[in-house]
Amino acid sequence: GIDCQGGSRMCCRQEFFVDFREIGWHDWIIQPEGYTMNFCTGQCPVHVAGMPGIAASFHTAVLNLLKANTAAGTTGGGSCCVPTARRPLSLLYYDRDSNIVKTDIPDMVVEACGCS
Amino acid sequence: TPRADSQCLACGKHALDLESQRKLLLHLAKRSILDKLHLSQRPTLSRPVSRAALRTVLQRLHGPPQRVLPEADRGQEYEIISFAETGLSNINHTRLDFHFFSDRTAGGMEILQASLMFFVQLPPNTTWTLKVRVFVLGPRDASLTLATQRLLEVDASGWHQLLLGSEAQAACSQGHLTLELVPEGQVSQSSVILSGAARRPFMTARVRVGGKHRVRRH
């Protein structure tokens, strides 16, 4: 996957960190201090559709160039920039009864993006 | 998700201004965490835990690694540390009340394992027998019923761990558990079970939400 940089408009992963102190949640969430959420943004032209991680290999790149040359238009077509890898978020927090709870919430942190 | 006009929201064509985008993302982040924790809103702390108690508990919990279930067999699992309320204790017995969060129990909570940790202060070279009684709420009213009891020999001062059985696990699943620790025989000048800030009895539980109703896929 590609991380968003500068003015790139292609599908990429944008980093986004939620600071629990800033949103007033630091009193009930003991650890971590924030949530590295991240999200996917950008365009998915036809020639990169169906390629999680964008350029999988030389052969798929050639095939997709062929697809692009025969397809009409360069954007849209139902392909979306979506998470292709995610990891869990571990939380240690107080519940309403002041019990301390530790859990791993699956699929919370976006690690990589690609075109669907 | 592609929109009706076959454009997807992530493509950047319908970009919001930076501040609106930030507000939206913060809202999504909060909603996502609360939903995944089965909480309707952020908890408001009614009984704050002292830093000393928290430090002690976390130091006590470096046990052996637990068996990891295959991904397909796992619901979302929680490890819960619940501090005991000891308000109705006296010298002759220590009563421990544990409460569990109702939002989670409403979703069906399966206790996989639960154990009690408590600190005992004994005179040197003595052995005490403790009777541990497990009480559960009656089926029709709020009265407590004795579910089971067992004897435990304690021969040294310090932290002790007691693995709780199915009756106690069932009570936890229903949101409330009461235990009584009664020293047998000898009369003491003060309680042998200590409950000061750093020695507050607590329970650890491993919990799976919605596990009872999961259908195993072959």
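Naming convention: chains lettered A, B, ... in sequence-line order (proteins, then strands); numbering from 1 in each chain.
Between Y93(A) atom OH and Y78(B) atom OH the span is 5.0 Å, to the nearest 0.5 Å. For the atom pair CZ (R208(B)) and OG1 (T103(A)), the distance works out to 12.5 Å, reported to the nearest 0.5 Å. Distance check: N99(A) CG to H99(B) NE2 gives 9.0 Å after rounding to the nearest 0.5 Å. In this structure, NZ on K102(A) lies 11.0 Å from CZ on R206(B), to the nearest 0.5 angstrom.
Side-chain contact between F98(B) and D97(A) is absent, with no heavy-atom pair separated by less than 4.5 Å. The side-chain heavy atoms of D95(A) and L45(B), taken from C-beta on, include no pair separated by under 4.5 Å.
Taking a cutoff of 4.0 Å between a charged side-chain nitrogen and a carboxylate oxygen, E22(A) and K30(B) do not qualify as a salt bridge.
Of the two parts of T44(B), only the backbone, made up of N, CA, C and O, holds a non-hydrogen atom closer than 4.5 Å to a non-hydrogen atom of chain A. The contact between F16(A) and chain B is made entirely by side chain atoms (from C-beta outward), counting heavy-atom distances below 4.5 Å. Interface remark: F20(A) contributes side-chain atoms only to the contact with chain B (heavy atom separation under 4.5 Å).
Heavy-atom neighbours of Q149(B) CD from other residues, nucleotides or ligands within 6.0 Å: above the threshold of 12. For H26(A), the NE2 atom counts as densely surrounded, since its 6.0 Å shell holds more than 12 non-hydrogen atoms of other residues, nucleotides or ligands.
Across V18(A), I30(A), D27(A), the residue that shares the most heavy-atom pairs under 4.5 angstrom with chain B is D27(A).
The main-chain N or O of G24(A) is found under 3.5 Å from a side-chain atom of R42(B) such that the two form a donor-acceptor pair.
Of all heavy-atom pairs spanning A29(B) and M37(A), the tightest one is CB-SD, 3.5 Å.
When each of V101(A), L92(A), I100(A) is checked for a side-chain contact (heavy atoms from CB on, under 4.5 Å) with I81(B), only I100(A) meets the rule.
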